[in-house]
Amino acid sequence: MLSSSCTAAVRGLSTTAQLSKINNVTIIGAGLMGSGIAQVSANAKLNVTVVDSNQSALEKAQKGIASSLQRVAKKKHADDSAAQSALVSSVLDRIKMSTNVSDSVKDADLVIEAIVENIDIKRKLFAEVEAAAKPTTLITTNTSSLRLADIGLNLKDKTRFGGLHFFNPVPMMKLLEVVRHDDTSDATFEQLIEYGKTVGKTTVACKDTPGFIVNRLLVPYMFEALRMYERGDASMPDIDVAMKLGAGYPMGPFELSDYVGLDTCKFIMDGWHKQYPDEVAFKPSPLLDSLVDAGKTGRKSGEGFYKYK
């Protein structure tokens, strides 16, 4: 039997090994979120691989990251074109693109999933990731609405699984919600917090609850505004103006819903309502459902609660 001092030493060595520095990050999903996460990770001098099954999506992501970096460089080095080029090149040189998940996660210290919000597709992906990755690799999801416990249900080692919920646009938004479920180890959680700080984010800790912190408060707020309108209590423009001038919000709830996407709002609330059918705050909206069915999903479609040019 080990003495207490030996036991403490072993625990210390174990913790040190588990808290090894994150150098290689693999991001699965080359959409807006994945591209943004790749940019801030590479900007923090981490080695990044972006994975997507669609080659054109990878090419689009690469162009988007380059364009975003150029804007950053112009602000940082307004009168120095050489410094601008150097900044852009140094970050892009740390980003690789791939269509092969297994090869891309073999050397990863951290894997971040940022694909479609479909739980079956996510579970299938995580099975492939866990089979190919190192036994010490941290596996995370950027989900904004699904429970981590449900996504990681079939993982063999749930202690290395957690949530990193970034906000769009990732390079601009300072917040990162770091989420732990019941089986997430303390070491994993500490590493995820440290990663968030490394990429320049302010981190907040949250348990595995619907919507975590921001969306759990924000989405019901938008739906309550919609119910207020449906009851005839006030018009959409008046509700938006009231919340901007009375609460100091940059956008009113209907403007924000159009910006987020009405289909996204509906998807989130439908999922929560299915899980918690008796929760009044998660009650769906007939008006929202009809707009989404008609293809009026907000700014991206040209019309939602408001019309856009």
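Nothing fancy with the numbering, it's 1 onward along the sequence.
For Arg160 and Asp157, the salt-bridge test passes: some basic side-chain N is under 4.0 Å from an acidic carboxylate O. The existence of a salt bridge linking Lys134 and Asp109 is confirmed by a sub-4.0 Å separation between a basic side-chain nitrogen and an acidic carboxylate oxygen. Between Arg227 and Asp233 there is no salt bridge, since no side-chain N of the basic residue sits under 4.0 Å from a carboxylate O of the acidic one. Salt bridge present: Lys122 and Glu117 bring a charged side-chain N and a carboxylate O closer than 4.0 Å.
A heavy-atom distance below 4.5 Å is found between the side chains of Ile22 and Leu138. Between Ile115 and Leu125, the closest side-chain pair of non-hydrogen atoms falls below 4.5 Å. Between Phe282 and Met269, the closest side-chain pair of non-hydrogen atoms falls below 4.5 Å. Residues Asp52 and Thr99 form no side-chain contact, since every pair of their non-hydrogen atoms from C-beta on lies 4.5 Å or further apart. Residues Tyr306 and Met236 are in side-chain contact: their nearest non-hydrogen atoms beyond the backbone lie under 4.5 Å apart. Residues Leu164 and Leu176 meet the side-chain proximity criterion, which asks for heavy atoms closer than 4.5 Å. Side-chain contact between Pro253 and Leu226 is absent, with no heavy-atom pair separated by less than 4.5 Å. In this structure, the side chains of Met97 and Gln62 come closer than 4.5 Å at one or more pairs of heavy atoms.
Across all non-hydrogen atoms, the minimal contact from Asn215 to Ser144 is ND2-O, 3.3 Å. The two atoms that bring Ala38 and Ile95 nearest to each other are O-CD1, 4.1 Å, heavy atoms only. Between Asp258 and Gly304, the shortest heavy-atom distance links the atoms OD1-CA, 3.4 Å. When all heavy atoms of Ser301 and Glu303 are compared, the pair lying nearest together is OG-O, 2.9 Å. Scanning all heavy atoms of the two residues, the minimum distance from Gly163 to Leu148 falls at N-CD2, 3.2 Å. Here the closest non-hydrogen pair linking Phe305 and Ser257 is CE1-CB, 3.6 Å.
Between atom CD of residue Gln84 and atom NE2 of residue His77 there is a gap of 8.0 Å, rounded to the nearest 0.5 Å. A distance of 12.5 Å separates CZ in Arg216 from CD in Glu177, rounded to the nearest 0.5 Å. The structure places OG1 of Thr198 at 11.0 Å from CG of Leu192, a figure rounded to the nearest 0.5 Å. Atoms NZ and OG1, from Lys106 and Thr26 in turn, are 12.0 Å apart once rounded to the nearest 0.5 Å. Taken from NZ in Lys266 to NE2 in His273, the straight-line distance is 10.0 Å, to the nearest 0.5 Å.
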*Let me see the working for Leu92 and Leu69 under side chain to side chain contact (heavy atoms under 4.5 Å, CB included), right down to the final yes or no.*
CA-CA 9 Å; Leu92 289 179; Leu69 285 170; 3.8 Å; yes
*Go through Thr184 and Lys158 one step at a time and tell me if the side chain to side chain contact (heavy atoms under 4.5 Å, CB included) criterion holds.*
CA-CA 6 Å; Thr184 305; Lys158 297 180 176 64; over 6 Å; no
*Under the side chain to side chain contact (heavy atoms under 4.5 Å, CB included) criterion, do Ser185 and Thr188 qualify, and how do the steps go?*
CA-CA 5 Å; Ser185 71; Thr188 294; 2.9 Å; yes
_Full working for side-chain hydrogen bond (donor to acceptor under 3.5 Å, both in side chains) between Gln275 and Asp150_ = CA-CA 11 Å; Gln275 286 185 328; Asp150 295 331; 3.1 Å; yes
*asked:* Using the rule given for side chain to side chain contact (heavy atoms under 4.5 Å, CB included), can you reason through Met33 versus Asn142, listing the C-alpha separation, both sets of side-chain angles and the distance that settles it, and then say yes or no?
replied: CA-CA 8 Å; Met33 295 304 296; Asn142 181 57; 3.5 Å; yes
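Connection of Phe212 to Ile151 is established within a shared hydrophobic cluster, with ILVMFWY side chains joined at heavy-atom distances below 4.5 Å, either directly or through further cluster members. Following chains of ILVMFWY side-chain contacts shorter than 4.5 Å, one can reach Trp272 starting from Leu262, so the two form part of one hydrophobic cluster. The same ILVMFWY cluster, assembled from side-chain heavy atoms under 4.5 Å apart, contains both Val111 and Ile121. One hydrophobic cluster, built from ILVMFWY side chains closer than 4.5 Å, holds both Tyr259 and Val219. Cluster annotation: Val40 and Ile65 are assigned to the same hydrophobic cluster (Ile/Leu/Val/Met/Phe/Trp/Tyr, side-chain heavy-atom contacts under 4.5 Å, transitive).
Environment of CG in Asp293: crowded, with over 12 heavy atoms of neighbouring residues, nucleotides or ligands closer than 6.0 Å. Within a 6.0 Å sphere centred on CE of Met251, heavy atoms belonging to other residues, nucleotides or ligands number more than 12. Sparse packing is recorded around NZ of Lys60, with 12 or fewer heavy atoms of other residues, nucleotides or ligands lying under 6.0 Å away. Atom NZ of Lys283 has 12 or fewer heavy atoms from other residues, nucleotides or ligands within 6.0 Å. Within a 6.0 Å sphere centred on CG of Asp79, heavy atoms belonging to other residues, nucleotides or ligands number 12 at most.
In this structure, Phe161 and Phe126 have perpendicular ring planes: the angle between them is above 60°, well past the 30° mark.
With sequence neighbours excluded, no residue forms a side chain to side chain contact (heavy atoms under 4.5 Å, CB included) with Ser85. For the ring-ring contact (aromatic ring centres under 6.0 Å, His included) test, residues two or more places apart in sequence or in another chain that qualify with Phe167 are His165. In this structure, Tyr195 has no ring-ring contact (aromatic ring centres under 6.0 Å, His included) partners at least two apart in sequence or on a different chain.
There is no side-chain donor-acceptor pair under 3.5 Å between Asn23 and Asn47. For the residue pair Glu113/Thr140, the side-chain donor-acceptor check at 3.5 Å is not satisfied. Side-chain polar atoms of Ser104 and Ser98 form a donor-acceptor pair below 3.5 angstrom.
Proximity of a side-chain donor or acceptor of Asn100 to a complementary backbone N or O of Asp103 within less than 3.5 Å is detected.
Checked against the 6.0 Å centroid criterion, the rings of Tyr249 and Tyr221 qualify as a close aromatic pair.
For the pair Arg180 and Phe189, the distance from NZ or CZ to the six-membered ring centre is under 6.0 Å and the angle to the ring normal is within 45 degrees.
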